[in-house]
Amino acid sequence: MDDPERGWSLSFAGCGFLGLYHVGVTRCLSERAPHLLRDARMFFGASAGAVHCATFLAGIPLECAICMLTDLAQRTRKRKLSIFHPSFNISKYCREYLQEHLPDNVHQLVSRKLCISLTRLSDGENVLVSDFHSKDELVDVLVCSCFIPFYSGLIPPTFRGVRYMDGGISDNMPFTDAQTTITVSPFYGKHDICPKVKSTNFPHVNISKLSLFLCPENAYLLFRALFPADHKELGEMCFQGYSDTLRFLEEQGICTRPGPSLNLPSEERKSEVIAPCGENMSLETPWEAAAFEMKPKGAELMETLSPKLTKGW
């Protein structure tokens, strides 16, 4: 949680193709409470959550992160056997994307700021890595953290000569201090930022530190984490992350109105005043209207983030 005295961290759960949820969360934080991102002591992540943290800390625009996820989803959906098509190697795709887009000094940007969850193949123990000596090492760790046996391939990748698997197998919500960590998950559970169930009658479990309600919605999300949805649903997932984050910020009393309207010239953006949420709020931007109406406007949200993505789908 946000603790000014002790500092705070953020932890992003592994979630496969649901990673656009994290994009929506980060977009909302950057608009409504940018200090939570700017001043965080540490970013923790497993699998897709680790990739999201790495690209954010490296300064890669959210539009680029959306491009990767939607392109990967589109390539997967085009194949009859989906992720299991012989011509498709998801680990190779992720490695090539990261090598192409991460800056050469990324290891300097993220070391001791990013902590990645890994599962050691030899004994199944969890390992947290936060020190990287080169860009190649960081890429190795991220590929290891995303490797699901048989789903991603047969032979797990290596980091410093040791084979590792998906960090979510042993710890899908990594952190070192539960009291000062804001946890983020696209699954219905009890994390700080996550979708909320309407009924309290569902059983609850913790699997690899991931909070889950045993509800039909989570069964569907777990399936979609491995087998991607269409563009419309991906957009709705992005919107879900934004609206869940807005609710969290309002509940904590740390939400501020995003000053710049996405449709205003840069000169006008600087002139808008930051004000507490709920005070004289005019729903003048697509983001504000979508968040407060709580309607499934994922497609519009995706178009706002990256208009180019709406072409060719």
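Side chains are part of it too, since the values below use all heavy atoms of this structure and drop only hydrogens, waters and symmetry mates.
- Here the CD1 atom belonging to Ile254 is positioned 5.0 Å from the NE2 atom belonging to His35, to the nearest 0.5 angstrom.
- Between the side chains of Asp192 and Gln252, not a single donor N or O lies within less than 3.5 Å of an accepting N or O.
- Side-chain atoms of Leu109 and Pro103, non-hydrogen and from C-beta on, do get closer than 4.5 Å to each other.
- Taking the six-membered ring where the residue is Trp, Phe159 and Tyr164 present tilted rings, their angle falling between 30° and 60°.
- Counting only N and O atoms by type, the side chains of Thr26 and His52 include a donor and acceptor under 3.5 Å apart.
- Heavy-atom minimum distance, Ala54 versus Leu102: O-CD2, 4.4 Å.
- Under the 4.5 Å side-chain criterion, counting only non-hydrogen atoms from C-beta, Val129 is not in contact with Leu114.
- Listed here is the closest heavy atom pair of Met173 and Ala13: CE-CB, 3.5 Å.
- When atom types are taken as modelled, the side chain of Arg163 and the backbone of Thr158 share no donor-acceptor pair closer than 3.5 angstrom.
- When the options Phe17, Tyr242, Phe12, Phe56 are evaluated for a ring-ring contact (aromatic ring centres under 6.0 Å, His included) with His22, the one that passes is Phe12.
- Looking only at atom types and distance, the side chain of Thr70 has no donor-acceptor partner in the side chain of His231 under 3.5 Å away.
- Proximity of Thr183 to Ile193: side-chain heavy atoms (C-beta onward) are nowhere separated by under 4.5 Å.
- Judged by distance alone, the side chains of Arg41 and Thr180 do bring a donor and an acceptor atom under 3.5 Å apart.
- At least one side-chain heavy atom of Tyr21 sits under 4.5 Å from a side-chain heavy atom of Asp244.
- Between the side chain of Arg120 and the backbone N or O of Asp123, no donor-acceptor pair lies under 3.5 Å.
- Scanning all heavy atoms of the two residues, the minimum distance from Ser117 to Asp171 falls at OG-O, 2.9 Å.
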Carefully, step by step, assess Thr55 and His101 under the rule side chain to side chain donor-acceptor pair (under 3.5 Å).
CA-CA 9 Å; Thr55 55; His101 290 91; over 6 Å; no
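- The shortest non-hydrogen separation linking Leu118 to Ser170 is O-OG, 3.6 Å.
- Geometrically, Lys198 does not engage Tyr188 in a cation-pi contact, judged by NZ or CZ lying under 6.0 Å from the ring centre and within 45° of the ring axis.
- A donor-acceptor pair under 3.5 Å links the side-chain atoms of Ser243 to the main chain of Gln240, judged by distance alone.
- At most 12 non-hydrogen atoms from other residues, nucleotides or ligands lie less than 6.0 angstrom from CD1 of Ile155.
- In this structure, CD on Glu217 lies 12.5 Å from CG on Leu212, to the nearest 0.5 angstrom.
- The shortest distance between side-chain heavy atoms of Val143 and Lys92 does not fall below 4.5 Å.
- Side-chain atoms of Ser47 and Asp166 include a donor-acceptor pair closer than 3.5 Å.
- In this structure, Leu98 and Val51 have side chains that are in contact, with non-hydrogen atoms separated by less than 4.5 Å.
- Ring-plane geometry between Tyr97 and Tyr93 is classed as parallel, the angle between the planes falling under 30 degrees on a 0 to 90 degree scale with a further cut at 60.
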Begin with the C-alpha distance, continue with both residues' side-chain angles, and end with the deciding distance and a verdict on side-chain contact (heavy atoms from CB on, under 4.5 Å) for Phe187 and Leu18.
CA-CA 9 Å; Phe187 301 103; Leu18 304 181; 3.7 Å; yes
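- In this structure, a donor-acceptor pair under 3.5 Å is absent between the side chains of Ser208 and Asn172.
- Heavy-atom minimum distance, Pro186 versus Pro195: O-CG, 3.3 Å.
- Side-chain contact check for Cys94 versus Met68: some heavy-atom pair is nearer than 4.5 Å.
- Interatomic distance, CG of Asp104 versus NZ of Lys135, reported as 5.0 Å (0.5 Å rounding).
- The shortest side-chain heavy-atom distance between Phe132 and Gln108 does not fall under the 4.5 Å cut-off.
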Take Asp39 and Trp8 through the side-chain contact (heavy atoms from CB on, under 4.5 Å) test and state the conclusion after the steps.
CA-CA 8 Å; Asp39 301 330; Trp8 61 88; 3.8 Å; yes
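- With a 6.0 Å radius and a threshold of 12 heavy atoms from other residues, nucleotides or ligands, Arg160 has its CZ atom above the threshold.
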Go through Arg95 and Asp140 one step at a time and tell me if the salt bridge (charged side-chain N to carboxylate O under 4.0 Å, His left out) criterion holds.
CA-CA 8 Å; Arg95 183 179 293 277; Asp140 286 344; 2.9 Å; yes
